[in-house]
> 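Here it is, the structure in full.
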There are 2 protein chains.
Amino acid sequence: MNLASLNTPAAIVDVDVMTRNIQRMQTRMSAHGVTFRPHVKTTKCEHVVRAQLAAGAQGITVSTLKEAEQFFAAGIDDIVYAVAMAPSKLEQALQLLRRGCRLKIITDSVHSAQAIVAFGNAHAATFEVWIEVDVDGHRSGIAPDDDLLLDVGRILHEGKMKLGGVLAHAGSSYDYSTSAELERIAEQERAGCVHAAQRLRAAGLPCDTVSIGSTPTALAARHLEGVTEVRAGVYVFFDLVMHNVGVCGIDEIALSVLTTVIGHQESKGWAIVDAGWMAMSRDRGTQRQKQDFGYGLVCTEDGVPVEGFVMSAANQEHGIVSQVGEPDTSIAERFPVGTRLRILPNHACATGAQHPEYHALSRDGGVSTWPRFYGW
Amino acid sequence: MNLASLNTPAAIVDVDVMTRNIQRMQTRMSAHGVTFRPHVKTTKCEHVVRAQLAAGAQGITVSTLKEAEQFFAAGIDDIVYAVAMAPSKLEQALQLLRRGCRLKIITDSVHSAQAIVAFGNAHAATFEVWIEVDVDGHRSGIAPDDDLLLDVGRILHEGKMKLGGVLAHAGSSYDYSTSAELERIAEQERAGCVHAAQRLRAAGLPCDTVSIGSTPTALAARHLEGVTEVRAGVYVFFDLVMHNVGVCGIDEIALSVLTTVIGHQESKGWAIVDAGWMAMSRDRGTQRQKQDFGYGLVCTEDGVPVEGFVMSAANQEHGIVSQVGEPDTSIAERFPVGTRLRILPNHACATGAQHPEYHALSRDGGVSTWPRFYGW
């Protein structure tokens with residue numbers, strides 16, 4: 001198989017670019033003296049995760065228990081489920097534990113901590129639980145200085161669960177675009193999470209692991225004192241949002257969607273392609289960033305960006321490719337019907353999720369199929 | 001199975017509501033004296049499509065050849081592939097034809113028409129081809145008065161393909177919200193497509209089928225003189241975008257996402273739920289409409305809207321539920337951890353696509369699994 005033999009639309013992974021992205025992150029984390037635990041929600045693909053582990057990653061992070069089940073079935077047993085535990089999901093987590101999975105779950109509330117303790121004790125199971133810490137106000141977690149942190153820690157510890165650590169994710173790092181801002185938010189993430197760990201320890205509670213991370217903060221941090229591990233997901237492919245944040249070049253984006261030109265509206269300067277939002281996702285993450293790429297940046301079939309052309313609009317299976325600014329009314333000559341293009345996505349996690357498989361493109365032009373899964 | 005036994009997040013279809021939606025559309029189309037050909041891209045689900053056909057629909061519309069293959073394998077043979085034919089997909093279409101599928105393909109360009117003729121003749125195959133007509137400038141198609149219409153018609157007819165008709169879709173109807181506007185765009189769609197058919201016939205070309213449709217125009221049209229069939233997709237479930245357009249009530253939305261409250265940020269008035277954009281999709285279609293519902297409207301587990309509460313933000317597997325306007329700082333009492341909610345989606349086609357199956361909820365509270373497929 002090669003690119004020319006693929007049906008369109010198709011999700012293409014440039015294996016060389018991906019490999020460099022994996023190396024870049026792993027090298028950086030090793031230099032900081034922390035372990036690295038990739039977030040597999042980005043790809044949900046065993047081929048990619050094997051490459052991350054082969055490069056030195058230790059364990060994985062998941063966003064659903066289905067991801068935990070799928071990767072545990074593939075032989076990976078060190079797993080953090082990094083979404084606050086719903087009491088109704090404890091049975092599913094217990095099954096993983098009983099089959100030998102070293103699953104870690106997280107919580108940020110008394111209610112959930114109590115439910116974990118009650119369920120664990122009722123089933124003679126010791127869950128390893130990390131407390132989610134809020135370092136930037138963007139979503140979940142307990143503020144490092146909030147006494148709720150100690151309350152939740154005590155409930156878990158005294159309830160005979162294994163209080164394994166603290167976990168933070170500075171999701172607001174996606175909102176910045178300068179290295180000074182990124183360094184600041186990275187330090188805020190580090191310092192807040194380390195502070196939470198110190199408070200737990202000072203209260204006589206165990207806290208071995210200090211886990212932080214997001215792709216921008218992982219790449220921006222000057223030092224990671226007190227941190228034991230870092231998590232990140234999208235770095236493996238990068239995307240246009242990360243480019244706007246400033247942590248990757250366009251040529252470091254490993255994921256693209258191969259598409260075919262199926263028609264034109266010449267007077268408007270539109271080429272119509274067979275990748276719409278079903279293939280790109282509805283993610284418009286660059287809309288409020290410094291450069292709006294519409295639904296994606298247009299490249300030639302061999303991956304070279306076509307300066308000034310984006311997917312400016314999308315319906316379910318139709319994309320509209322056009323020039324930013326002035327319409328190119330000779331677009332039908334530029335991109336005749338049948339032309340194949342590759343579109344770089346705004347958000348690799350969202351675009352990948354639309355596809356049952358990646359088509360992994362090697363340096364020699366060969367293409368292999370890498371299945372990915374979805375659902376819950 | 002019932003709602004309480006489902007893992008979350010889960011896509012729920014209220015079967016009673018869906019059945020009424022199907023009846024409403026079919027009754028209206030029958031009264032207009034046209035046949036109805038549902039667009040199955042909305043659901044990609046055999047259970048739903050069987051219900052549409054049982055109610056009187058004749059044939060189906062698809063947005064991908066995979067949909068054609070899947071539904072043909074399920075015994076449905078009258079299929080329109082309503083995306084302009086890419087020459088590279090002709091082999092796939094030929095295989096369907098050879099297996100007995102009454103596939104109709106569409107084109108709006110000389111290039112594609114010539115490719116169809118060349119490929120058909122080379123393989124001794126007669127494709128039935130409809131010409132796509134542009135009635136509102138929103139995407140693809142040939143304007144009814146453009147002589148390109150006749151050029152493409154002649155290429156197909158003289159090239160010994162079956163010129164079967166014309167097809168239009170007034171996608172811009174989604175941009176309106178009053179019955180006067182909807183009636184106007186519906187009439188524009190009807191008149192433009194009928195005019196194109198008349199021009200082909202006047203030029204001595206065959207044009208049996210005049211196919212138009214979108215959910216808003218199908219429901220708004222006063223008469224459908226000259227039209228032979230109507231297509232629509234999202235009417236089967238409806239959604240918040242259609243509610244803002246004005247063609248359905250909130251209580252006519254058949255699709256929702258069941259989710260569980262997993263935490264809070266009380267001072268901000270946030271409840272965190274386990275449905276994020278992966279479960280809702282990234283579609284923000286109500287953002288530029290008269291009422292912005294964020295990522296969806298919050299309902300109780302039994303489907304009753306909670307006035308003033310929406311999913312105001314979403315990450316991959318986290319949704320933030322909050323009150324519009326003033327934060328509800330007692331949200332943790334209103335929706336404690338473990339509370340199950342149902343979120344009505346902005347766009348049923350996009351939300352459904354995120355789920356491997358629908359959970360069909362009957363009047364008696366029983367739930368069945370209705371698989372759906374994805375990919376290309």
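Each chain gets a letter, A, B and so on, in the order the sequences are listed, and its residues count up from 1.
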> If we define contacts as heavy-atom pairs under 4.5 Å, which of A:A143, A:S112, A:S63, A:A86 has the most with chain B?
A:S63
> Shortest non-hydrogen contact from A:Q316 to B:C349?
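Smallest interatomic distance, heavy atoms only, reads OE1-CB, 3.5 Å.
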> What residue among A:M85, A:H111, A:Q114 forms side-chain contact (heavy atoms from CB on, under 4.5 Å) with B:V337?
A:H111
> Between A:E357, A:E132, A:H355, which shows the greatest number of heavy-atom pairs under 4.5 Å with chain B?
A:H355
> Side chain, backbone, both or neither: which part of A:N7 has an atom under 4.5 Å from a heavy atom of chain B?
side chain
> B:P356 versus chain A, heavy atoms under 4.5 Å apart: side chain, backbone, both or neither?
both
> Locate the shortest heavy-atom distance separating B:H347 from A:W277; write the atom from each residue and the value.
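Looking at all heavy atoms of both residues, the closest pair is CE1-CZ2, 3.6 Å.
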> Is chain B contacted by the side chain of A:S109, its backbone, both, or neither, given a heavy-atom distance below 4.5 Å?
side chain
> Please give me the minimum heavy-atom distance between A:G263 and B:D108, naming the atom from each residue.
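Residues A:G263 and B:D108, closest heavy atoms: CA-OD1, 4.3 Å.
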> NE2/B:H138 to CG/A:N315 distance, rounded to the nearest 0.5 angstrom?
5.0 Å
> Please enumerate all residues that pass salt bridge (Lys or Arg N to Asp or Glu O under 4.0 Å) together with A:K41, with sequence neighbours excluded.
none
> So what's closer than 4.5 Å to chain B heavy atoms on A:P9: side chain, backbone, both or neither?
both
> Could you grab the distance from atom OG of B:S88 to atom CD1 of A:I262, nearest 0.5 Å is fine?
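Reported value, rounded in 0.5 Å steps: 10.0 Å.
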> To the nearest 0.5 angstrom, please state how far the OG atom of A:S140 sits from the NE2 atom of B:H264.
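Reported value, rounded in 0.5 Å steps: 11.0 Å.
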> For B:T260, which atoms come within 4.5 Å of any heavy atom of chain A: side chain, backbone, both, or neither?
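Just its side chain gets close to chain A.
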> Just give me the residue among B:G338, B:A11, B:G375, B:A84 that pairs up with chain A most often, heavy atom to heavy atom, under 4.5 Å.
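Highest number of heavy-atom pairs under 4.5 Å: B:A84.
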> Search all heavy atoms of A:W376 against all heavy atoms of B:E317 and return the closest pair with its distance.
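What the structure gives for the nearest pair is NE1-OE1, 2.9 Å.
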> Against chain B, label A:Q92 side chain, backbone, both or neither, depending on which of its atoms sit under 4.5 Å from a heavy atom there.
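Answer is side chain: those atoms of A:Q92 sit under 4.5 Å from chain B.
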> Non-hydrogen atoms of chain B under 4.5 Å away: do they reach the side chain of A:T107, the backbone, both or neither?
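Contact with chain B is absent: no heavy atom of A:T107 under 4.5 Å.
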> Is there a donor-acceptor pair closer than 3.5 Å between any side-chain N or O of A:Q265 and the backbone N or O of B:R139?
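Yes, the answer is positive, given that a donor and an acceptor are paired below the 3.5 Å cut-off.
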> Using non-hydrogen atoms only, which part of A:A82 is less than 4.5 Å away from chain B: side chain, backbone, both, or neither?
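Answer is backbone: N, CA, C or O of A:A82 sit under 4.5 Å from chain B.
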> Locate the shortest heavy-atom distance separating A:T8 from B:K89; write the atom from each residue and the value.
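So the two residues come closest at O-NZ, 3.2 Å.
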> What heavy-atom pair brings B:G137 and A:K268 nearest, and what distance separates the two atoms?
O-NZ, 2.6 Å
